[in-house]
Number of protein chains: 2
Amino acid sequence: MAAPTLKDVALRAGVSVRTVSNVVNDYVYVADDTRARVQAAIDELGYRPNLLARNLKLGRTKMLALVVPELDVPYFAELARLIIHEARTAGYTVLIDQTDGDERRERELVTEDARGVNFDGVIASPLSLTEEALEGRRASAPVVLLGERLFAAGVDHVAIDNVRAAREATEYLFSLGRRRIAAIGVQHESTGTAKLRTIGFRGAFAAAGAVVDEDLLVEVGHYHREDGAAAMARLLDLPEPPDAVFCFSDLLALGAQRVALARGLSVPEDLAVIGFDDIEDGRYATPTLTTISPDKAVIARSAVRQLIARIDAADEAAEPAQSVQIEAPYRLVVRESTQGRISTGGS
Amino acid sequence: MAAPTLKDVALRAGVSVRTVSNVVNDYVYVADDTRARVQAAIDELGYRPNLLARNLKLGRTKMLALVVPELDVPYFAELARLIIHEARTAGYTVLIDQTDGDERRERELVTEDARGVNFDGVIASPLSLTEEALEGRRASAPVVLLGERLFAAGVDHVAIDNVRAAREATEYLFSLGRRRIAAIGVQHESTGTAKLRTIGFRGAFAAAGAVVDEDLLVEVGHYHREDGAAAMARLLDLPEPPDAVFCFSDLLALGAQRVALARGLSVPEDLAVIGFDDIEDGRYATPTLTTISPDKAVIARSAVRQLIARIDAADEAAEPAQSVQIEAPYRLVVRESTQGRISTGGS
DNA sequence: CTGAAAGCGCTTACAG
DNA sequence: CTGAAAGCGCTTACAG
């Protein structure tokens, strides 16, 4: 009843465990007849190698940890899907650590010593990780960070140019003739994405020679639909409501759009809405959502490959190489929420 | 540079590894001063137990595998979030296996011998697993299945009563006075959810003394937005289009609704739409989506607890207990897509 | 091409 | 309450 071991197979095939191991691991120098005999024993016994023992011996697990704040945020779910796919292609399984945005857990997972642990490396999309936390990091498992750019931290990153993307989104709204342009998603506490996108937003105003009405910059606790909804409600209660809004995530945009529509506004006629992330949701909303679309496939692929390269490099005990900053492409995807209208006519 | 081991700590504290292990594992019978001395050594060395070694020794990993077709389908993402949360509460980490609906992979993960593997148990939400596959299963790791009911298979299940839920949804449409009621989501190949919901749908017709117009039953390849959109387009091209549609998932419903709106129909005036799953998406769509809402928290909690109970029972080597069928509650959530309208007026 | 043997770092039955 | 020692099931340097 106990699972057959390498030793059981060796006994049955009349060879040493060494040879069985060689067969199991497709080692080349095994005589054909030996291999056949061993394979027969394996099949008869239904032998399957014990991964736990292999892990201990080799010191690696062929598992990657993916650290995300919330798996049910579509952007993370879509990214997770791609990352799992890439990892699988490379022979790795993904273990998900959901932090719920808890900074302490993010920090632990990314900065703590991770030797002898169940994964070989970490891909993390931190919400609130500070540069200081990263400076003091003593993790032995390689880490690749997603979606932020905390320079000087000596950690590999994959991200789009958030400043430029945000500026493009805002400039596009200017180009439509909008003048009272709001932004939803500012976070003063943030060291990351929110700050960069705010800089881009302001940059577009500067370039247009326009002045930012600070009342139109709305801070949010999270990047969820409900935060977008609450923010929009506040904006619409202003004496002079906006005629366009740039939301720092598609979820914020969908929440904002919902409130605008529910209050009887026409989108885009009365209010142009643009989001960020290009989640599938926005492609089926009515109106469909204009958005900044980061190339998630490139982000996932780059992150997995870079991480695995680090893992392999660690095996060869080379000196720690320079940290790498990978810039993924993005594009502005124009849909109905800023330009078209659905065929129902209206207004 | 090498990570400190139990032995290093023992040497430094002047005790045996046994004692260090006792301290690390909070074994009660350790003298206070011994404990203090060992703890000091642990802190000085920065010792952290090697999980890989512990796994091998104990034969378990405190990891659960979650097998889902696609992580970026919101229903699975929301469920995954809850499952990860529950697992964490119980001291388990979750490893995600994404099958892309590939039946072979589903089968392998659920039915193969899983001794000496990186997880202690499996929660699976199979798309195409057949009863036969389950009959022949020789997995040693416990399995809990989600969302289907393949009786007689001797595997634990957690599911809502899909037949009753589907009938209720359909009866509700009848109660609104709708008569040409379509269904999107039929799958003739399916052994699971789709079949059960179809039965419920037909049951409502039977109860109402109405005849199902087979042209209004639309089969789909997947339960995605695009499938719902394509199905709706077909229905609207019918000489006598439906006045209501029951979609077997919210994604199908959102796709269907999008097409209806884009063609200038009013929802719910011209077409009532009801979905299944209650994903957050539907709560912010315009109009908001009426749906069957399975209690995902209960599903996640029941699944994790049942699985862990099996894992613990296996430790005690009791005889394999009867399989358990856990029925989770659900409710019909009525929103704008079947009754209200947004304040913009219209029609 | 293959064998005998060490060792990865833990946990724990057995003594005391 | 603690020690000395075996063993979980692999991989692999060392010989031959």
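Because the structure is a prediction, the values reported are computed rather than measured. Just so it is clear: chains get the letters A, B, ... in the order the sequence lines come, proteins before strands, and each one is counted from 1.
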(message) Is there a side-chain contact between His85(B) and Arg301(B) in this structure, where contact means two heavy atoms from C-beta onward sitting under 4.5 Å apart?
(response) no
(request) Kindly check if the number of other-residue, nucleotide or ligand heavy atoms within 6.0 Å of CG (Asp43(B)) is above 12? (result) yes
(message) Please report the distance separating the C1' of dT12(D) from the corresponding atom of dG16(D), rounded so that it comes out in whole Å.
(response) 16 Å
(request) Identify whether the distance between the nearest side-chain nitrogen and carboxylate oxygen of Arg81(B) and Asp100(A) falls below 4.0 Å. (result) yes
(request) Could you tell me the separation between the CG atom of Asp32(B) and the C1' atom of dT2(D), rounded to a whole number of Å? (result) 15 Å
(message) What does the 5'-to-3' dot-bracket notation of DNA chain C look like when only Watson-Crick and G-U wobble pairs under 3.5 Å count, and pairs to other strands show as |?
(response) |||.||||||||.|||
(request) Could you tell me whether the side chains of Asn118(B) and Asn55(B) share a donor-acceptor contact shorter than 3.5 Å? (result) no
(request) Answer yes or no: is there a side-chain heavy-atom contact under 4.5 Å between Tyr92(B) and Leu64(B)? (result) yes
(message) Is a donor from one side chain sitting under 3.5 angstrom from an acceptor on the other, for Asp120(B) and Thr61(B)?
(response) yes
(request) Can you check each nucleotide of nucleotides 9-16 of chain D against protein heavy atoms at under 4.0 Å and return B for base, S for sugar-phosphate only, - for none, in 5' to 3' order? (result) BBBBBB--
(request) Give a yes or no on this: more than 12 heavy atoms of other residues, nucleotides or ligands lie within 6.0 Å of atom CG of Asp33(B). (result) yes
(request) Identify, with sequence neighbours excluded, every residue that meets salt bridge (Lys or Arg N to Asp or Glu O under 4.0 Å) alongside Arg12(A). (result) Glu44(A)
